[in-house]
Amino acid sequence: MIVIAGSASPKLSAQVANLLGAELVNAEFKRFPDGEIYVRAEAEVRRKPVAIIQTTCPPQNDNLFELLLLLDAVKVLGASRIVAVIPYLAYARQDKRFKPGEAISLRTVSKLISQSGAAEVITIDVHQEEALGNFSIPAFSQTAMPLIGRHLKSLDLRNPVIIGADQGSMKRATLVALELGAEHYFLEKRRISPENVVIYPKNLSVENRDVVMVDDIVSTGGTIISATKMLMEQGARDVYVACAHPVLAGNAMERLKEAGIKQIIATDTIEKDVSLVSVAPLIADMLK
Ligand code: R5P
């Protein structure tokens, strides 16, 4: 197999190629003066299977378009099969029509990906598993939560309690808690606006305990900040955040620090300073 690194996932691509013992090709990316994107993947791929690894974090439209160009270029070079590895799948949260007239964004994204040449899609911790039903080609998601749980074991957490940020994160919190042998709960939330989230109070036994808030994505930080306030009022000792995808839009990082979060532990589905856990072994396994 040949691994082609997209510009948004350079380190992860190298690690996956290394684990697979596969050839790594760094594609060439340029921008024309008017902002258009240029891509060239110079590789001997004829009749060979190829994995293109490109995450679609912000700027998601640019990263997505680069992936589409790469898929098309590699298809024309004659690859026998192309797997699109999209560690963070953009637009996955708009996977259905919530109000009349809305675009089902993920459906459009899925069509573009398959029509550009992907035979299969691999992702990590997709927001909701059912969202993958929008793809007409095989699409699989693997969870990084057990890996995150193992990382948390190396921290000296005091009587930890694992809390899913909302009902959707209950399963994720359970997987993390299983690794730690810790108690777990989930919270109930309502989003008023993109940044304004209400968490319904729950009486949890968090007093003087370290709390790990678990979510798939931290974007604006609204969910986590709102939950942290409640947990601190209930006497939590330190609040940690564990997530697969550190989108951290705008000034989310500063807002999370101001809210008193002790540490953010995320994966390299998006390569950031907080990406302390690598999903490379998961991706390599799925590509085998
Ligand atoms: C929503 O259902 C997700 O699981 C996350 O809780 C959400 O996307 C986080 O977004 P934000 O950081 O903007 O609150």
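Counting starts at 1 for both ligands and their atoms, in listed order.
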| Donor-acceptor pair between Glu271 and Ser9 side chains, under 3.5 angstrom | no
| Residue pair Glu102, Arg97: steps toward the salt bridge (Lys or Arg N to Asp or Glu O under 4.0 Å) verdict | CA-CA 6 Å; Glu102 281 183 348; Arg97 195 169 281 123; over 6 Å; no
| field | Closest approach of any protein heavy atom to atom 8 (O) of ligand 1, naming residue and atom | value | Arg93 NH1, 2.6 Å
| request: Taking only heavy atoms of Gly221 into account, list the atoms of ligand 1 that are under 4.0 Å away from them. | output: 11 (P), 12 (O), 13 (O)
| query | Got more than 12 heavy atoms from elsewhere within 6.0 Å of CZ, Arg31? | reply | yes
| Once the angle between the rings of Phe32 and Tyr38 is folded into 0 to 90°, is it parallel (under 30°), tilted (30 to 60°) or perpendicular (over 60°)? | perpendicular
| message | Return the closest protein heavy atom for atom 2 (O) of ligand 1 as residue, atom name and distance. | response | His127 CE1, 3.1 Å
| request: Check each heavy atom of Thr220 against ligand 1 and say whether those closer than 4.0 Å belong to the side chain, the backbone, both or neither. | output: both
| Looking only at side chains, do Lys189 and Thr223 share a donor and an acceptor under 3.5 Å apart? | yes
| Heavy-atom pair with the smallest gap, counting every atom of Ser141 and Val126 | OG-N, 3.0 Å
| request: Give a yes or no on whether a salt bridge exists between Lys75 and Asp72, defined as a side-chain N under 4.0 angstrom from a carboxylate O. | output: no
| message | Considering both backbone and side-chain atoms of Ser169, is one of its nitrogen or oxygen atoms within less than 3.5 Å of a nitrogen or oxygen in ligand 1? | response | no
| message | Quiz question: by atom type and distance under 3.5 Å, do the side chains of Asn61 and Tyr91 form a donor-acceptor pair? | response | yes
| Ile224 to ligand 1: N or O pair under 3.5 Å? | no
| note | Under 4.0 Å between heavy atoms, the region of Asp166 that gets near ligand 1 turns out to be side chain
| message | Under a 4.0 angstrom heavy-atom cut-off, which atoms of ligand 1 come close to Val218? | response | 12 (O)
| With respect to atom 14 (O) of ligand 1, which of Thr223, Val247, Leu187 exhibits the smallest heavy-atom separation? | Thr223
| task | Within a distance under 4.0 Å of any heavy atom of Asp216, pick out the atoms of ligand 1 and give their elements. | result | 3 (C), 4 (O), 5 (C)
| request: Specify the protein heavy atom at minimum distance from atom 7 (C) of ligand 1: its residue, its atom name, and the distance to 0.1 Å. | output: Arg191 NH2, 3.6 Å
| query | Can you tell me the protein heavy atom closest to atom 9 (C) of ligand 1 and the distance? | reply | Ile217 O, 3.3 Å
| query | Just heavy atoms, cut-off under 4.0 Å: does Asp215 contact ligand 1 by side chain, backbone, both, or neither? | reply | side chain
| task | Output yes when Asp125 and Arg172 qualify as a salt bridge under the 4.0 Å nitrogen-oxygen rule, no when they do not. | result | yes
